[in-house]
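In what follows, every chain begins at residue 1, and chains take the letters A, B, ... in the order their sequences are listed.
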Amino acid sequence: NAGVTQTPKFQVLKTGQSMTLQCAQDMNHNSMYWYRQDPGMGLRLIYYSASEGTTDKGEVPNGYNVSRLNKREFSLRLESAAPSQTSVYFCASSDLIRGRVNDDEAFFGQGTRLTVV
Amino acid sequence: EDQVTQSPEALRLQEGESSSLNCSYTVSGLRGLFWYRQDPGKGPEFLFTLYSAGEEKEKERLKATLTKKESFLHITAPKPEDSATYLCAVHPMTTDSWGKFQFGAGTQVVVTP
């Protein structure tokens with residue numbers, strides 16, 4: 001049982017380049033998330049997906065696009081990378097279902113360390 | 001505006017020296033409060049969820065408590081393997097906040113032998 005798998009683990013981009021971060025979960029969870037983590041700022045939500053085909057902006061969505069390809073996969077795309085997007089990116093999933101309180105804890109991947117030069 | 005503040009930012013403990021971490025929050029209603037542990041270079045790992053004031057949960061040397069304005073994570077007789085960053089997150093009650101967990105910046109705990 002792999003849980004949440006992110007690829008790649010490390011990436012260096014030049015300013016203006018594009019790339020897609022991949023995320024897959026094998027826990028049959030409905031909800032998936034993309035966060036970025038910067039020193040001293042904690043985890044900030046980029047995008048949230050409640051189910052296949054639905055996405056919602058989080059706190060810091062500018063410069064990013066997402067795609068919920070199916071129930072398992074949720075990708076994050078940087079169309080034109082900027083140095084301000086240097087960060088550690090985490091994908092997560094949970095069994096959060098609207099109207100139900102329990103089973104809402106998130107399971108995180110190992111992260112992608114992205115450097116934009 | 002919803003806000004989550006953790007204190008202290010860093011905590012250095014001797015093995016066996018008990019202490020508490022604080023997570024204070026200002027949200028318009030609370031669906032749940034979560035504690036996670038994060039080791040260097042890894043993703044956060046779930047510890048506890050608390051849903052209502054007065055609720056307490058325990059796991060080994062860790063105990064989490066919740067009031068209407070804050071949560072505490074008590075570490076009793078810590079061991080070096082308890083060294084990690086502890087993150088607090090809240091799930092606000094407002095309709096447009098569904099699924100949008102808000103994290104604090106974390107408390108980095110170092111336990112020395």
- Message: Which residue is it: A:Leu43, A:Leu45, A:Leu96? I am looking for the one with a side chain to side chain contact (heavy atoms under 4.5 Å, CB included) to B:Phe101.
- Response: A:Leu96
- Note on the structure: When the 4.5 angstrom heavy-atom criterion is applied to A:Ala92 and chain B, the contacting part is neither
For chain B against chain A, give me the donor-acceptor pairs closer than 3.5 Å, one per line with atom names and distance.
from     : atom 1 : to       : atom 2 : distance (Å)
A:Gln37  : OE1    : B:Gln38  : NE2    : 3.0
A:Gln37  : NE2    : B:Gln38  : OE1    : 2.9
A:Asp56  : OD2    : B:Lys100 : NZ     : 3.2
A:Lys57  : O      : B:Lys100 : NZ     : 3.0
A:Val101 : O      : B:Tyr51  : OH     : 3.2
A:Asp104 : OD1    : B:Tyr51  : OH     : 2.7
A:Ala106 : N      : B:Tyr36  : OH     : 2.9

- Item | salt bridge (Lys or Arg N to Asp or Glu O under 4.0 Å) partners of residues 78-88 of chain A, not counting sequence neighbours, each pair once | A:Arg77-A:Glu79
- Item | Inter- and intrachain pairs under disulfide (SG to SG under 2.5 Å), touching residues 60-99 of chain B, at least two apart | B:Cys23-B:Cys88
- Message: If hydrophobic clusters are built from ILVMFWY residues whose side chains come within less than 4.5 Å, do A:Leu76 and A:Val4 share one?
- Response: no
- Task: Measure across A:Gly40 and B:Ala105 and return the closest heavy-atom pair with its distance rounded to 0.1 Å.
- Result: O-CB, 3.7 Å
- Item | Joint cluster assignment, A:Leu78 & A:Val88, ILVMFWY side-chain distance < 4.5 Å | no
- Query: Do A:Phe108 and B:Phe46 belong to the same hydrophobic cluster, where Ile, Leu, Val, Met, Phe, Trp and Tyr are linked whenever their side-chain heavy atoms lie under 4.5 Å apart, directly or via other members?
  - Reply: yes
- Query: B:Leu47, B:Val4: one ILVMFWY side-chain cluster at the under-4.5 Å cut-off?
  - Reply: yes
- Message: Between B:Val90 and B:Leu21, is there shared hydrophobic-cluster membership here, with clusters defined by ILVMFWY side-chain heavy atoms closer than 4.5 Å?
- Response: yes
- Item | Heavy-atom closest contact (A:Phe90 atom, B:Gly43 atom, distance) | CE2-CA, 3.3 Å
- Quick one: side chain to side chain contact (heavy atoms under 4.5 Å, CB included) partners of A:Pro83, sequence neighbours excluded? A:Thr15, A:Val116
